[in-house]
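Worksheet for the structure shown next.
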Amino acid sequence: MYHSFRFLFSAPLAIVAALSLIACQPVTAPTDLMPMQATPGSVSPDDPVDVQIANAMSAAPLAIAQDATILGFPAGDSTDMVLLREGSNGWTCYTDWPASPTNDPMCNDAVFTAWYDAFLAGEEPQVTQPGISYMLMGGDDTSNTDPFAPAPAPGGEWVTTPPHLMLVVSGGLDPEAFTTDHTSGQPYIMWEGTPYEHLMIPVRDMEHGR
């Protein structure tokens with residue numbers, strides 16, 4: 001999808017700055033826009049449904065998460081996600097990924113949900129407009145270069161990103177505009193050059209300076 005040609009943002013830093021301001025809103029906004037507080041740490045597919053829902057909602061501002069569809073990971077050998085709550089605003093929130101070492105729920109808009117569904121199916125996503133995902137609890141990935149790495153490379157570590165947004169765009173991302181270094185503290189391209197590349201945008205707690 002993206003690597004067939006490169007889409008050069010006309011003002012990439014402006015886009016990132018705008019998204020960063022949006023991402024920081026839950027930290028400085030009134031209580032009704034704060035992210036839903038979940039039980040600290042990871043959750044299990046065997047945990048009560050209300051615990052799993054609270055965990056998934058903690059990925060995004062409450063203004064988004066409160067009306068989102070909530071999906072949980074399956075227990076046992078099933079590969080089908082579990083519908084924990086039907087939503088009404090076009091957003092989908094997922095509980096913490098059980099395989100990762102830390103708590104990493106996620107909330108996606110409709111475009112990013114379609115992208116994520118294609119990724120899970122091993123299909124090439126068809127992105128025609130920007131899509132956004134919130135991961136305000138942070139997240140872990142097995143690799144920054146291989147979308148389907150089953151685990152970190154031998155002797156390697158999980159790719160851990162603090163609270164962040166993710167962005168997919170039509171045409172892909174310009175590697176000259178963004179780094180691929182996930183340790184830089186700056187927006188970076190994950191899985192660059194693959195059909196699943198996307199921009200990771202770390203956000204800060206403006207109130208506490210983190």
With distance as the sole criterion, is a donor-acceptor pair present between the side chains of T95 and N55 under 3.5 Å?
no
Check: T180 main-chain N/O paired with H182 side-chain donor or acceptor under 3.5 Å:
no
Minimum heavy-atom separation for E192 and P175, please, with both atom names.
OE2-CB, 4.0 Å
Check: D141 side chain, S143 main-chain N or O, donor-acceptor pair, under 3.5 Å
no
Under the side chain to side chain contact (heavy atoms under 4.5 Å, CB included) rule, what do M166 and I132 come out as? Steps first, then yes or no, please.
CA-CA 6 Å; M166 295 185 287; I132 298 174; over 6 Å; no
Using side-chain hydrogen bond (donor to acceptor under 3.5 Å, both in side chains), reason through N108 and T92 one step at a time and then give a plain yes or no.
CA-CA 5 Å; N108 304 339; T92 303; over 6 Å; no
Starting from the C-alpha separation in whole Å, work towards a yes-or-no answer on side chain to side chain contact (heavy atoms under 4.5 Å, CB included) for T69 and R85.
CA-CA 6 Å; T69 293; R85 188 187 74 191; over 6 Å; no
Is the F119 to W191 ring centre distance short of 6.0 Å?
yes
Please identify which of these residues, Y116, Y134, F112, meets the ring pair (Phe, Tyr, Trp, His ring centres under 6.0 Å) condition with Y94.
Y116
Any chance the side chains of T183 and D181 put a donor and an acceptor closer than 3.5 Å?
yes
Could you walk me through whether I189 and L199 satisfy the side chain to side chain contact (heavy atoms under 4.5 Å, CB included) test, starting with their C-alpha distance in whole Å, then the side-chain angles of each, then the deciding distance to 0.1 Å, before giving a yes or no?
CA-CA 5 Å; I189 302 175; L199 192 65; 4.2 Å; yes
Heavy-atom closest pair (W97 atom, T142 atom, distance to 0.1 Å) is CH2-CG2, 4.2 Å
Would you check, one step at a time, whether the test side chain to side chain contact (heavy atoms under 4.5 Å, CB included) holds for V111 with T113?
CA-CA 5 Å; V111 173; T113 295; over 6 Å; no
